Visitor: 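First, the structure itself, so that you have it in front of you.
Keep in mind the model is a prediction, meaning the values are calculated, not measured. Basis for what follows: all heavy atoms, side chains included, without hydrogens, waters or symmetry-related copies. Throughout, protein chains are lettered first and strands after them, A, B, ... in sequence-line order, and every chain is numbered starting at 1.
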Number of protein chains: 2
Amino acid sequence: MLPDPFSHLSATACRTIDMQKGDVLFRQSQTTSGLYRVVSGCVTLQRTGLGGDTLTLHRAMSGGFFAEASVFSATYHCDAVCTEAGSVTKIAKANVVATMHSNPAFSEGFTKLLAVQVQQYRAHIELLAIPSAKERILAAVQAGYFDTTVIELATRINLTHEACYRALRGLCDEGLMVRVDRGKYVLS
Amino acid sequence: MLPDPFSHLSATACRTIDMQKGDVLFRQSQTTSGLYRVVSGCVTLQRTGLGGDTLTLHRAMSGGFFAEASVFSATYHCDAVCTEAGSVTKIAKANVVATMHSNPAFSEGFTKLLAVQVQQYRAHIELLAIPSAKERILAAVQAGYFDTTVIELATRINLTHEACYRALRGLCDEGLMVRVDRGKYVLS
DNA sequence: GGAAGCATATGATCCAAATCATAAGTGATC
DNA sequence: GATCACTTATGATTTGGATCATATGCTTCC
């Protein structure tokens, strides 16, 4: 596992924020104020297209971070929306920068966090390049993408939910996957 | 522009490597030895799928870096192939880690480099989510993706080159783009 | 308990992009 | 200057996923 670089931050640098489902922690183009860590619940980073369609860029669960890159950016590049009630700790931008200068261990940990994200994104782009819906879903399931609903899986891998249901059905028919329950499929 | 974090590295930490088109600097699953900066020419990071199809994950031009994330990884996650003759400087992994500990300015610069990549990848994923070929191409051209061949543009944005040519033609017919020359299109 | 909202699921139809095919233009190499 | 390799370009056909439609199961909430 990743070492926690934020154990080096003083408690005063952090602020805990409770959130309800649907709460918006920040919006695109707002001035950045810091980065976040999920204590409990779930937060998604999403962007809204011109047609009102939302695109999920990242999903942070308990222990996960989000808006790390915001530390070097003047404005947020997407919306952060709570999708599951819980709480987050917010680490002020200034504190991150200051600690990065004074504490090499924190600095390395934070950098590593970003490096891991880079690799995750690369893997995701590779996944999106798989042309066949069935193969793409298979790869996504193997990568652990399918942890909530079929609809969410579908949007994450650029498919309609209908196509996703059908492909899952097809994979079950081919014996590559098994339908365990309503909306619950696993690799066989 | 980005400040160059590598100006903080001693000259002895770097090694210059000349390369010809087609040269492989490293391959997927090889043990990581360091990160690279392109002095001249062009290098692409690519992965080869099961069917022998190649997927370009990143392209580094003069002044650009690649394999930054490798510093925290035991093995490379893709192949680095020279697509345009030139040279690169290789910075040994150990040097990067050591300098990160001793030099906060370097550390911050390096971290920023990764943060920028994270945002670039996010933007790319967003681009790939555009369903219409024409709109996707338009967004890609606006983002400066179309700097070499149509074929390369097509593969970068998950289209066949045929679909890409046709969409470009369509965009020209609609007056949104202009065909300047063979294989050369610009926004109008 | 009934209504509302959402996820699940599948059928029918349509269309855009993939696939297959062909050809011309361009640059490099012998 | 002939050949080879590659990009550009477009036509014909096919197909897989999008779209539209419908129905059911499961929560939640008044």
Visitor: To the nearest Å, how far apart are Asn158(A) CG and dA16(C) P?
Guide: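 After rounding, the reported distance stands at 18 Å.
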
Visitor: So if I take every side-chain heavy atom of Tyr185(B) and compare against dA9(D), dG17(D), dC20(C), which nucleotide ends up nearest?
Guide: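 My answer, after comparing the listed nucleotides, is dA9(D).
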
Visitor: Within the structure, does a side-chain N or O atom of Tyr165(B) lie under 4.0 Å from either OP1 or OP2 of dT8(D)?
Guide: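 Tyr165(B) to dT8(D) OP1/OP2: side-chain N or O found under 4.0 Å.
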
Visitor: Rounded to the nearest Å, what distance is computed from the CD1 atom of residue Ile130(A) to the P atom of nucleotide dA18(C)?
Guide: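 Checked: the CD1 to P distance equals 15 Å.
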
Visitor: In whole angstrom, what separates Ile151(B)'s CD1 from dT8(D)'s C1'?
Guide: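 Answer to the nearest Å: 8 Å.
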
Visitor: Would you mind telling me which of dT8(C), dA9(C), dT8(D) lies closest to the side-chain atoms of Thr149(A)?
Guide: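 That would be dT8(C).
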
Visitor: Would you say a side-chain N or O of Arg182(B) is under 4.0 Å from OP1 or OP2 of dA9(D)?
Guide: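 No, no such contact exists.
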
Visitor: Would you name the heavy atoms of Glu84(B) and Cys82(B) that are closest together and state the gap between them?
Guide: O-SG, 3.1 Å

Visitor: Between dT19(D), dC20(C), dA17(C), spot the one nearest the side chain of Glu162(A), thanks.
Guide: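 Side chain of Glu162(A) sits closest to dT19(D).
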
Visitor: Checking the side chain of Lys90(A) only, and the main-chain atoms of Leu25(A) only, is there a donor and an acceptor separated by less than 3.5 Å?
Guide: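 Side chain of Lys90(A) to backbone of Leu25(A): no pair is present.
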
Visitor: State, to 0.1 Å, how close Ala140(B) and Leu153(B) come at their nearest heavy-atom pair, and which atoms those are.
Guide: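 Smallest heavy-atom distance, with atoms named: CB-CD1, 4.0 Å.
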
Visitor: Counting side-chain heavy atoms from CB outward, which of dA9(C), dT8(D), dG17(D) is closest to Arg179(B)?
Guide: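 Selected nucleotide (nearest to the side chain): dT8(D).
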
Visitor: Rounded to whole Å, how long is the line connecting atom CG of Leu171(B) with atom P of dT10(D)?
Guide: 13 Å

Visitor: As a test of reading the structure: which of dT8(C), dG11(D), dA18(D) is closest to the side chain of His161(A), going by heavy atoms?
Guide: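 Shortest atom-to-atom distance from the side chain points to dT8(C).
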
Visitor: Check for a donor-acceptor pair, side chain of Ser70(B) on one end and backbone N or O of Ser73(B) on the other, with a separation under 3.5 Å.
Guide: no

Visitor: Return whichever of Pro131(A) or Arg166(A) has its heavy-atom-nearest nucleotide of DNA chain C closer to the 5' end.
Guide: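 Its nucleotide being nearer the 5' end, the pick is Arg166(A).
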
